[in-house]
Number of protein chains: 2
Amino acid sequence: MTDQDPAYSPKHYRTPDGAPADIVIFTITSTEKPTTKKSLPLRRLEILLIQRKKWPFEGHWALPGGFSSPEESIYACALRELQEETGVESVHLEYFNEYSEPGRDPRGWMISHAFYALVKEDALAARRAADDAADVRLFSVEEALDMKLAFDHRQIIQDALIHIRRSMLTTTIAKEFLPAEFTLSELYQVIQTVVPDFEEKNFIRKVTSTQSRKGIVEAVQEVDGSPKMSNRYSQRSAQLYRFTDEEPTLSIYG
Amino acid sequence: MTDQDPAYSPKHYRTPDGAPADIVIFTITSTEKPTTKKSLPLRRLEILLIQRKKWPFEGHWALPGGFSSPEESIYACALRELQEETGVESVHLEYFNEYSEPGRDPRGWMISHAFYALVKEDALAARRAADDAADVRLFSVEEALDMKLAFDHRQIIQDALIHIRRSMLTTTIAKEFLPAEFTLSELYQVIQTVVPDFEEKNFIRKVTSTQSRKGIVEAVQEVDGSPKMSNRYSQRSAQLYRFTDEEPTLSIYG
DNA sequence: ACAATAGTGTCTTTCAGACACTATCCC
DNA sequence: GGGATAGTGTCTGAAAGACACTATTGT
């Protein structure tokens with residue numbers, strides 16, 4: 001009932017056997033459509049998994065992660081693991097849940113801390129070439145959820161998906177999957193890749209000319225003030241946009 | 001780099017000294033205005049704190065909580081602690097963060113798991129009378145944040161506030177502070193108590209007659225089909241509403 | 001009559017939704 | 001010219017924002 005039992009002493013209680021951090025590393029891969037014309041790529045949401053080499057779950061695919069130590073916070077641990085895995089600095093890394101069901105880890109009492117990270121495809125490409133081993137791979141979300149994964153990692157991935165989908169619609173994390181300057185079609189594609197149900201009919205108009213959304217994106221201009229365009233994906237070139245610093249607050253009541 | 005080091009064995013690493021759960025228990029207290037007429041009460045957002053009786057932070061006020069055991073999940077632990085503290089079943093209890101900065105607990109390597117709970121005032125009243133000890137008390141949010149609290153509990157409370165405020169505007173947790181049937185003034189008051197900046201000019205109209213909000217609340221009717229009213233807070237009686245099961249999804253893009 | 005809450009009327013501006021239409025430009 | 005993307009025009013109805021106004025009733 002009180003914070004600590006009066007008889008508390010570290011020796012009297014069993015203590016956890018470890019506090020690992022597991023990371024759901026999301027990336028969006030692009031593949032060109034087999035067409036002669038310029039076109040928007042096919043995008044797919046993928047997750048990085050690692051094949052385990054020993055007990056428990058030897059041979060199974062699992063989320064990357066590792067044990068934290070008393071000299072670092074759990075977040076610092078996750079960041080370290082992520083950098084070791086991807087070689088990327090300054091990625092979006094966000095904590096979303098703990099996993100502590102009794103028996104979830106045959107090695108003992110392990111309380112896992114789950115993060116999700118958003119990484120651009122090219123950031124992973126270099127790393128994966130380095131250790132080209134077949135034991136690190138990207139899987140599409142559907143593939144990953146169909147596999148028999150180690151521990152409760154399937155559940156963790158499902159929960160991570162719920163979080164990334166909500167964040168994609170309520171925050172500006174889409175920018176983590178996009179270059180600094182992007183076209184609105186790219187943005188629309190990224191959102192749809194993460195949230196398949198997403199559909200907005202007059203997307204361009206809503207994003208560009210709705211005052212109540214307070215300009216989450218703004219048109220990029222050339223140094224001479226003319227609009228900066230891109231024709232990477234189309235014959236007709238498209239206006240480039242960038243995210244502003246606005247983080248809109250949403251409300252169901254107004 | 002891999003999930004677990006090949007040389008891993010539980011004995012080789014230092015393990016955490018405990019995995020406590022701490023709970024920020026929010027309640028809204030009501031006090032009548034000193035007026036002769038019926039009126040809306042003054043509402044205040046308060047937090048339940050406990051005064052510690054021993055090292056560390058003896059005499060300091062702290063969040064209620066306790067150590068988890070390997071036989072229960074962290075959530076189950078928090079639920080158990082909350083029930084011991086408040087005697088309440090079926091309250092809203094939500095996990096929101098972990099706290100693991102090195103040195104945060106002088107007793108050793110303690111990874112704390114923070115929850116927030118939303119409890120109705122009357123649920124706490126009974127319990128607080130039972131152990132009328134001066135070592136369990138409600139403090140207003142402002143008071144609590146002005147005090148020198150144990151551990152990093154001030155930080156935990158600040159983070160909990162951010163979460164409860166966002167949830168208050170983006171989900172229907174307001175119902176946790178309201179009776180099953182309530183007037184729209186009550187709802188408005190509750191929202192404002194948690195989110196002081198909240199202001200919507202045509203609140204009644206927006207909540208009742210905006211289709212895009214898909215009816216998060218609905219008017220309550222008497223058995224004979226006539227509108228069910230309440231005059232608890234006013235001379236003129238007001239329509240009673242209840243929350244529906246709708247949980248609206250919000251988006252910044254549409 | 002008045003205090004206190006509970007609404008309604010009305011006007012203007014903005015936004016949403018639909019969808020046909022034009023624009024660009026490389027192949 | 002056709003294919004692929006990038007927009008615009010235009011109309012309707014719904015919603016937002018402001019704020020003055022009416023309604024109810026215990027004291």
Side-chain angles (χ1 to χ4, degrees), chain A residues 30-43 181-190 192 198-217 219-220 226-241 248-254, chain B residues 30-43 181-190 192 198-217 219-220 226-241 248-254:
Chain A
S30 300
T31 53
E32 299 302 322
K33 282 198 193 116
T35 160
T36 57
K37 310 265 177 165
K38 282 187 188 177
S39 69
L40 288 164
L42 292 168
R43 293 178 198 261
E181 302 176 354
F182 51 86
T183 67
L184 293 184
S185 295
E186 283 184 282
L187 172 57
Y188 192 77
Q189 258 204 327
V190 164
Q192 276 202 324
F198 181 77
E199 183 183 332
E200 285 295 332
K201 282 299 161 52
N202 291 332
F203 183 71
I204 294 181
R205 241 180 318 223
K206 283 186 191 171
V207 174
T208 56
S209 66
T210 307
Q211 284 155 321
S212 61
R213 274 191 249 309
K214 281 291 182 55
I216 43 185
V217 297
V220 184
S226 63
K228 188 167 178 185
M229 314 294 278
S230 158
N231 67 339
R232 198 167 7 156
Y233 300 122
S234 63
Q235 272 59 303
R236 175 170 178 177
S237 54
Q239 173 70 52
L240 286 172
Y241 288 83
T249 56
L250 297 169
S251 163
I252 61 174
Y253 297 112
Chain B
S30 300
T31 54
E32 298 304 322
K33 282 197 193 113
T35 160
T36 57
K37 309 267 177 167
K38 282 188 188 177
S39 70
L40 288 164
L42 293 169
R43 294 177 197 261
E181 301 177 354
F182 51 87
T183 67
L184 293 185
S185 296
E186 283 183 282
L187 172 58
Y188 192 77
Q189 258 204 326
V190 164
Q192 276 202 323
F198 181 78
E199 183 183 329
E200 285 295 332
K201 283 298 161 54
N202 292 330
F203 182 72
I204 293 181
R205 237 178 322 221
K206 284 186 190 170
V207 174
T208 57
S209 66
T210 307
Q211 284 153 323
S212 62
R213 274 192 248 310
K214 282 289 184 58
I216 45 184
V217 298
V220 184
S226 63
K228 189 167 179 185
M229 315 292 280
S230 158
N231 69 337
R232 198 166 10 156
Y233 301 121
S234 63
Q235 275 58 304
R236 175 171 178 178
S237 55
Q239 173 69 53
L240 286 172
Y241 288 83
T249 56
L250 297 169
S251 164
I252 62 174
Y253 295 114

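Sequence lines set the chain letters: A, B, ... in the order given, protein chains first and strands last, and positions in each chain run from 1. Computation of the quantities below employed the complete heavy-atom set of this structure, encompassing side-chain atoms and omitting hydrogens, waters and symmetry-equivalent molecules.
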Which sits closer to the 5' end of DNA chain D, B:Asn231 or A:Thr183, going by the nucleotide each is nearest to? A:Thr183
C:dA4 P sits how many Å from B:Tyr188 OH, rounded? 19 Å
Taking only side-chain N and O atoms of B:Lys33, does any of them lie within less than 4.0 angstrom of OP1 or OP2 on C:dT5? yes
Where do A:Ser30 and A:Arg43 come nearest, in terms of heavy atoms and distance? OG-NH1, 3.7 Å
According to ring-ring contact (aromatic ring centres under 6.0 Å, His included), who are the partners of B:Phe203, at least two apart in sequence or on a separate chain? B:Tyr188
To the nearest angstrom, how far is B:Leu240 atom CG from C:dT5 atom C1'? 14 Å
In Å and rounded to the nearest 0.5 Å, what is the CD1 to OG1 distance from B:Ile252 to A:Thr210? 12.0 Å
Nearest whole Å is fine: how far is C:dG7 C1' from B:Tyr233 OH? 18 Å
Rounded to the nearest 0.5 Å, what's the gap from CG on B:Leu184 to CD on B:Gln189? Could you check? 12.5 Å
Under 3.5 Å, is there a donor-acceptor pair between the side chain of A:Glu186 and the main chain of A:Thr183? yes
Of the candidates C:dC26, D:dG7, D:dT5, the side chain of A:Lys37 sits closest to C:dC26
Report the residue (A:Leu184 or B:Ser234) whose heavy-atom-nearest nucleotide on DNA chain D is the more 5′ of the two. A:Leu184
Not counting sequence neighbours, which residues clear side chain to side chain contact (heavy atoms under 4.5 Å, CB included) with A:Lys37? List them please. A:Thr35, A:Gln235
Provide, to the nearest angstrom, the distance between the CE atom belonging to A:Met229 and the C1' atom belonging to C:dC26. 16 Å
Provide, to the nearest angstrom, the distance between the CD atom belonging to B:Gln192 and the P atom belonging to C:dT5. 13 Å
Rounded to whole Å, please give me the gap between CZ in B:Phe203 and P in C:dT5. 16 Å
Which whole-number value in Å describes the distance from A:Arg43 CZ to D:dT5 P? 12 Å
In Å, rounded to the nearest 0.5 Å, how long is the span from NZ of B:Lys228 to CD of B:Gln239? 10.5 Å
Across nucleotides 15-25 of chain C, 5' to 3', mark each nucleotide with B, S or - according to how protein heavy atoms within less than 4.0 Å reach it. SSBBB---BBB
Expressed as a whole number of angstroms, how long is the span from A:Leu40:CG to D:dG7:P? 12 Å
